[in-house]
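Only one structure is covered here, and it is reproduced in the block below.
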Amino acid sequence: MIPDEQLDFDACVLSGQVFRFKRTDEGWAGVDGTNLIKAKRVPGGWEVESRPNRDAWKAFLQIDRDLLDIRRRIASIEPRLIPMLDTFPGLRTLRLASPAETLFSFLCTANNHMSRIVRMTEFLASKGEELEADHYIFPSVVRLADTSEQELRANGFGYRGATIPAVAKTVLEKGGGWLKGLKTLDYLDARADLCRLPGVGLKLADCVCLFGLHFDEAAPIDTHVWKTLAEWYAPGYRHAPLSPSRYVEVSTLFRERFGDLAAWAQQYVFYNRYISYRTRTVTQV
DNA sequence: GTCGTACCACGG
DNA sequence: CGTGGTACGA
Ligand SMILES: [Mg+2]
């Protein structure tokens, strides 16, 4: 049993790191890579399991890392983050097994609503192997390259219906191990390489670096995170829009401050800001 | 570098 | 009308 102070499974799968986990009678179920992961709610914590690989969930949740220690270190670096740490103390940064799944999932996120992101990633996933009813292994890059723009557009993908097969073809041209091979590069080099892909800019590249390539110093800056980081670390940009050069500047400051905790710190900021944004937009209608 | 603009679809 | 952006030209 994983105690609540070490794991808030709800927060993990609702904080925009993965998009295909579903509630069950017991708790949650979803696919990561080639494994089905199930989390069962028990008093004071969670019981997590995975199949066929019984250990897959451990890497996914980075369960070997002590969250108390991580929170303590983040708090000492930036006390202004403490309220965010305390709001979701069990929030963890996830490590997805497949860089390709990460790339194509986050390609669906740009300038998009969560609800449509879920719908789109589900549609892509449905082209893969069904592990269990309603739970699919994300399709191969070959399969995605084979999917027609017309079919995707017919299923509500809009202009991403063109981007997704185009990126898939580009990835194939670069050769089989290219994506995973980025893990061996320095973080900034990996990010720069990803940015060369059509439809992939700094933010998406950082998402792939963090969730798919497992760089702990990667901290995606989206519109929500930007508001907090600009206010804290670049007050002059407080009301300025997020631009590529400002992204690089503030992302560098953030990384220099948090080091290999940048990814974790970012996740707490994002989920807190995202939740308050959701609350705000829900109540006004 | 910055700024404005288009981009698909669709929830709010 | 804006969305967990990106790309392009001025
Ligand atoms: Mg690009």
Side-chain angles (χ1 to χ4, degrees), chain A residues 11-21 84 88 91 93-94 96 102-124 147-167 170 191-212 218-230 234 236-252 254 262-285:
Chain A
C12 288
V13 297
L14 290 173
S15 54
Q17 309 185 255
V18 289
F19 307 99
R20 305 195 289 124
F21 269 72
M84 298 183 176
F88 300 105
L91 177 58
T93 290
L94 303 179
L96 310 202
T102 312
L103 170 61
F104 292 98
S105 296
F106 279 91
L107 226 26
C108 298
T109 66
N111 193 230
N112 211 355
H113 284 105
M114 266 298 307
S115 52
R116 187 156 78 117
I117 295 168
V118 169
R119 209 176 315 137
M120 290 166 73
T121 53
E122 283 289 355
F123 182 83
L124 292 180
T147 305
S148 74
E149 169 179 357
Q150 176 191 318
E151 182 191 358
L152 293 177
R153 281 188 182 268
N155 285 91
F157 276 67
Y159 60 83
R160 296 176 186 82
T163 312
I164 288 167
V167 171
T170 309
R191 185 174 76 173
D193 276 6
L194 286 166
C195 282
R196 294 205 179 90
L197 295 170
V200 177
L202 287 164
K203 196 274 177 178
L204 264 60
D206 265 335
C207 287
V208 176
C209 281
L210 166 49
F211 304 117
I221 302 177
D222 74 299
T223 159
H224 302 296
V225 171
W226 169 247
K227 287 170 186 158
T228 295
L229 298 199
Y237 295 156
R238 196 169 174 179
H239 298 294
L242 181 52
S243 69
S245 78
R246 288 193 276 259
Y247 187 110
V248 169
E249 184 182 345
V250 171
S251 132
T252 302
F254 194 69
W264 294 78
Q266 170 276 156
Q267 198 58 33
Y268 285 102
V269 174
F270 171 73
Y271 196 45
N272 276 274
R273 294 296 308 232
Y274 184 68
I275 288 292
S276 57
Y277 156 76
R278 286 292 306 152
T279 310
R280 197 163 62 246
T281 53
V282 160
T283 37
Q284 73 183 189
V285 172

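The sequence lines fix the lettering, A, B, ..., with proteins before strands; numbering per chain opens at 1.
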Considering only heavy atoms from C-beta outward, does the side chain of A:L124 approach that of A:F157 to under 4.5 Å? yes
Using the P atom on both, measure B:dC8 against C:dG9 and round to a whole Å. 16 Å
How would you label the contact of A:E149 with the nucleic acid (heavy atoms, under 4.0 Å): base, sugar-phosphate, or nothing? nothing
For the residue pair A:C108 and A:I164, what are the closest heavy atoms and their distance? SG-CD1, 4.1 Å
Partner residues of A:Y247 under the side chain to side chain donor-acceptor pair (under 3.5 Å) criterion, sequence neighbours left out: A:D206
Heavy-atom distance under 4.5 Å between the side chains of A:V225 and A:R273, does that happen here? no
In residues 192-206 of chain A, which residues come under 4.0 Å of DNA chain B by heavy atom? none
Every protein N/O within reach of nucleotides 1-3 of chain B N/O, cut-off under 3.5 Å:
| unit_1 | atom_1 | unit_2 | atom_2 | d |
| --- | --- | --- | --- | --- |
| B:dT2 | OP2 | A:S243 | OG | 3.4 |
| B:dT2 | OP2 | A:S245 | OG | 2.3 |

Give every residue pair that meets the side-chain hydrogen bond (donor to acceptor under 3.5 Å, both in side chains) criterion with at least one member in residues 109-120 of chain A, sequence neighbours excluded. A:N112-A:R116
Reading nucleotides 4-10 of chain B from the 5' end, what letters show protein touch, with B for base, S for backbone sugar-phosphate only, - for no heavy atom under 4.0 Å? ---SBBS
Does some side-chain heavy atom of A:R246 sit less than 4.5 Å from a side-chain heavy atom of A:W226? yes
Hey, does A:E249 reach any base, or is it just sugar-phosphate, or nothing, if we go heavy atoms under 4.0 Å? nothing
Using atom P of each nucleotide, how far apart are C:dG2 and B:dG4 to the nearest Å? 15 Å
Looking at A:A110 and A:Y159, what are the two nearest heavy atoms and their distance? O-OH, 4.2 Å
Determine yes or no for a side-chain-to-main-chain donor-acceptor pair under 3.5 angstrom, with A:Q267 supplying the side chain and A:L94 the backbone. no
With both pairing distances under 3.5 angstrom for Watson-Crick or G-U wobble, and | for a partner in another strand, the correct string for DNA chain C is |||.||||||
